[in-house]
Amino acid sequence: MQAEALRSKIEQLEREQQEMAMEISALDESLGTAASPGKDPDSSVDSRSVYVGNVDYDSQPDELAMAFSECGTVNRVTILCDVMGNPKGYAYIEFEEPSAVARAIDMKEGAFFRNRQLKVCEKRRNVPGMSAPRGARRSRGGGESGYRPRRYSPYSAGPRRRAPGSY
C-alpha cells in the first residue's frame with residue numbers, strides 16, 4: 001500500500017516536471033532567449049571583447065573608450081585592479097559587434113597610448129582544469145597511487161633500530 005502511494009507520488013512529480021519544462025521552453029521562445037545546451041552565455045561577450053595589455057596605470061575607462069571608438073562602438077571598458085584598488089596595467093574592451101575585434105587588433109596592436117606601446121589581442125576564456133593547483137598535478141609515477149620511496153632523517157632512528165653506541 002505504501003509502495004503504491006510512493007509510485008503515484010513519483011508519477012505526479014514527473015508530470016509536474018514535464019509541465020515546468022514546457023513552460024520554461026515556452027518562455028524562452030517568447031523572450032527569444034532559448035538557451036542552447038553546451039553554449040555559454042558569456043561566449044558571445046568574449047567574442048566581442050579584446051584584451052589590452054601595457055595600459056598606463058593612470059588611464060581612465062573613458063580615455064580607452066575614446067581611443068578604441070574608431071574601431072567600433074564600445075559597450076564597456078574594464079580596467080582590472082588589485083585588492084588595494086591599484087590598476088593592474090591591463091583592460092578588457094567589449095564592442096557592440098564582433099567585427100570590431102579584428103579592426104581593433106589590426107589598428108591598435110603596437111600603437112602608443114600615453115607613451116606606452118599597447119598589446120591588443122582577442123579575449124580568451126580560461127578553460128577549467130588547465131591551471132590546476134600544485135598538489136593536483138599528476139606526477140610521472142601516477143600521482144597518489146605511484147611508488148614513492150620513504151625517506152628517513154639521518155638524525156632519527158629510522159626504519160631500523162641501531163645498536164646503542166654504534167654511531
Kindly give the heavy-atom pair with the smallest separation between [X] and [Y], and that separation in Å.
X    : Y   : answer
P87  : I79 : CB-CG2, 4.2 Å
R48  : E96 : CD-O, 3.4 Å
V101 : S49 : CG2-N, 3.7 Å
A65  : V74 : O-CG2, 3.9 Å
M107 : C71 : SD-SG, 4.0 Å

Any chance you could measure [X], atom [atom1], to [Y], atom [atom2], to the nearest 0.5 Å?
X    : Y    : atom1 : atom2 : result
K119 : I105 : NZ    : CD1   : 9.0 Å
R15  : E11  : CZ    : CD    : 6.5 Å
F112 : N54  : CZ    : CG    : 9.5 Å
D106 : K108 : CG    : NZ    : 12.0 Å
Y51  : L118 : OH    : CG    : 10.5 Å
Q17  : I10  : CD    : CD1   : 12.0 Å

Measuring only between side-chain heavy atoms, which start at C-beta, is K9 closer than 4.5 Å to Q12?
yes

[X], [atom1] atom: more than 12 neighbouring heavy atoms under 6.0 Å:
X    : atom1 : answer
E4   : CD    : no
R114 : CZ    : yes
E122 : CD    : no

Is there a side-chain contact (heavy atoms from CB on, under 4.5 Å) between F113 and E63? Walk through the geometry before answering.
CA-CA 10 Å; F113 177 74; E63 295 173 335; 4.0 Å; yes

K123 bridged to E94 by N-O distance under 4.0 Å:
no

Using modelled atom types and a 3.5 Å cut-off, is there a donor and acceptor pairing between side-chain atoms of E109 and backbone atoms of V120?
yes

Assess the residue pair F68 and V77 against the criterion (side-chain contact (heavy atoms from CB on, under 4.5 Å)); give the C-alpha distance rounded to whole Å, side-chain angles, the decisive distance to 0.1 Å, and a yes or no.
CA-CA 10 Å; F68 280 84; V77 177; over 6 Å; no

